[in-house]
Amino acid sequence: MRVVGPTQWVFYPALVAIALTVLLATPVELFGLKLPEPVLPLILAFAWPLIRPSMIAPAVLFGLGLFLDMFWGGTLGLWPLCLLSVYGVVLASRNLLAGQETQILFVWYALCALAAFIVAYLVVTLDAGRAPSLLSLLGQVVPTLLLFPAADWMIQRFDDGDVRFR
Amino acid sequence: MAFRDGPFESLKVPLAWTAAVVTVVAIIASILMILGDRRHDATGEAYGPVRAGFDAGAGPVNGILAWPVRWAGNATDYVKGYFFAVSENRRLRAELEDLRPWRDQAIALKNVNGRYEAMLGLRTEPPVAMATARSISESRGPFINARLLDAGTSKGVRIGNPVINEDGLVGRVVGATGGVSRMLLLTDVASRTPVLIDRTDARAMLTGDGSGNPRLEFVRGQDSVQAGDRILSSGDGGGFPRGLPIGVAAKGIDGSWRVKLFSDRGAVDYVRVLLFQDFGQLVTPDALNAPPLAGLGAAPAPTAAAAAAIGDAAARRDRAAAAATPATTPTVPPAAPARPAE
């Protein structure tokens with residue numbers, strides 16, 4: 001049996017997330033609408049601990065968070081903290097979530113994403129001395145929640161890839 | 001004794017525990033990084049070589065990856081231009097009709113203003129050099145509103161330079177490398193811009209909050225803002241030149257004063273970086289500290305011909321004034337009332 005290694009379920013998805021983030025940052029308007037700006041690595045922060053526990057995944061998530069901070073020009077350390085918080089919570093609740101239906105996973109994903117955005121909101125408010133607009137926050141939360149099918153696909157695709165982690 | 005033969009031979013740490021340890025260490029590192037972040041410092045050192053190097057690499061990579069998206073954007077613009085050409089033409093004609101009288105008035109006012117400045121010896125600000133740049137990437141979320149520009153220190157761009165487009169002020173440069181610079185938009189949550197209300201000359205502070213319309217805070221004076229007032233940069237603090245157009249005041253749904261930005265009228269694609277740092281850059285410190293009428297003492301002595309002309313003109317003026325003054329003790333009664341002196 002072919003063992004699915006970290007290259008398949010960690011490095012390739014991380015590279016895809018980076019490429020899509022760069023792509024969506026292009027300053028163009030399509031028919032008067034700007035491109036959405038979801039936090040793509042949140043999908044990975046949710047899916048990776050459910051696929052299997054690993055030391056590589058949180059390290060790569062830390063790198064992805066730093067990439068977001070550097071690329072978007074935000075406070076250094078903001079997105080690593082949010083992504084790893086989600087990873088930690090899902091890792092701790094792994095036994096509860098294993099084998100659950102997609103609807104339950106979506107509710108958990110939504111709660112984790114909201115928690116991550118609340119952490120980011122608080123950090124930015126303390127850092128900048130002003131609370132960001134809630135409407136603007138919704139503009140980033142909604143596209144991120146709509147990306148749940150990608151997380152679900154990853155879990156389905158890689159969950160049974162290695163029998164040692166069943 | 002080899003390590004594998006020791007008492008730890010059969011010790012197996014669960015994988016979830018090791019993952020948890022790495023996660024906790026990474027979270028602690030993240031918190032330390034947030035505490036040590038100096039992004040808001042207005043110094044070049046705060047930008048740091050790591051961010052500078054990253055931006056220098058991100059610019060070209062984004063240019064390659066974003067090519068299909070740019071192509072799609074241009075294609076939609078082309079389609080929009082094709083279908084809305086007639087209505088656009090009508091709108092532009094109407095706007096042209098409105099603006100023609102303003103153009104003539106502006107030319108006349110510029111002429112009068114130039115003469116006043118010359119007569120009063122005003123120290124006007126010299127024109128500021130500019131560098132044209134293209135926006136190559138954008139972050140538009142609630143936590144950061146910034147753009148990467150494809151012009152850097154090689155074109156003279158420095159941290160703090162204001163950035164404008166054809167409609168008005170867009171933001172300011174917060175990081176610069178050789179070929180790429182990062183611009184913080186007026187809408188960013190960390191952006192603070194001193195502004196004035198054109199109608200009342202009242203001062204205020206424009207503060208971004210991640211939404212499209214930044215707030216107008218600390219407005220000086222009672223009822224000094226009305227909906228529709230034009231907002232300009234005030235130049236207070238020396239960060240921006242005075243008078244850059246920013247937007248129009250409007251009441252937000254939360255009751256606060258907000259500004260509809262002129263720069264939102266179209267896509268911010270090509271921009272111009274004003275190579276302006278502060279007022280000290282525009283004049284030498286000696287000239288800035290000189291007394292206002294010091295220029296008179298430095299005027300060259302008049303030539304003999306000029307002195308004769310000045311004396312002749314002064315004598316004529318004196319004679320004309322004496323003739324216009326009515327005599328205090330007339331010898332004969334006047335036939336008509338004397339002209340009043342002007």
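All of these numbers come straight from a predicted model, not from anything done at the bench. What's counted below: heavy atoms across the whole structure, side chains too, no hydrogens, waters or symmetry copies. A note on names: the letters A, B, ... follow the listed sequences, proteins ahead of strands, and every chain is numbered from 1.
Both the backbone and the side chain of L23(A) come within less than 4.5 Å of a heavy atom of chain B. P36(A) touches chain B through its backbone: at least one of N, CA, C or O sits under 4.5 Å from a heavy atom, while the side chain does not. In this structure, the portion of V124(A) lying under 4.5 Å from any heavy atom of chain B is its side chain and not its backbone. Looking at V123(A), only its side chain comes within 4.5 Å of chain B, counting heavy atoms on both sides. For A131(A), the part lying under 4.5 angstrom from a heavy atom of chain B is the backbone only. For L66(A), the part sitting under 4.5 Å from any heavy atom of chain B is the side chain, from C-beta outward, and nothing else. The part of A146(B) that comes within reach of chain A is its side chain, from C-beta onward, which places non-hydrogen atoms under 4.5 angstrom from that chain.
Counting heavy atoms of neighbouring residues, nucleotides and ligands inside a 6.0 Å radius, atom CE of M55(A) does not exceed 12 of them. In this structure, K260(B) places its NZ atom where only 12 or fewer heavy-atom neighbours from other residues, nucleotides or ligands lie under 6.0 Å away. Shown here is L35(B), whose CG atom has more than 12 heavy atoms of other residues, nucleotides or ligands within 6.0 Å.
In this structure, D209(B) CG and L134(A) CG are separated by 9.5 Å, a value rounded to the nearest 0.5 Å. The structure places CG of L33(A) at 10.0 Å from OG1 of T76(B), a figure rounded to the nearest 0.5 Å. Taking CZ of F71(A) as the reference point, atom CZ of R182(B) lies at 8.0 Å (rounded to 0.5 Å).
Chain A forms more heavy-atom pairs under 4.5 Å with one residue of S137(B), G175(B), A72(B), A20(B) than with any other, namely S137(B). With chain A as partner, the option from S135(B), A29(B), G36(B), A58(B) having the largest number of non-hydrogen pairs under 4.5 angstrom is S135(B). With chain B as the partner, the residue from P27(A), A120(A), A19(A), G65(A) showing the most heavy-atom pairs under 4.5 Å is P27(A). Heavy-atom pairs under 4.5 Å with chain A were tallied for D55(B), V21(B), T207(B), D269(B); the largest tally goes to T207(B).
Evaluated for a side chain to side chain contact (heavy atoms under 4.5 Å, CB included) with P58(A), the options V24(B), T23(B), I27(B), V25(B) yield exactly one hit, T23(B).
A donor-acceptor pair is defined here as one N or O able to donate and one able to accept, closer than 3.5 Å; such a pair exists between the side chain of S136(A) and the backbone of G210(B).
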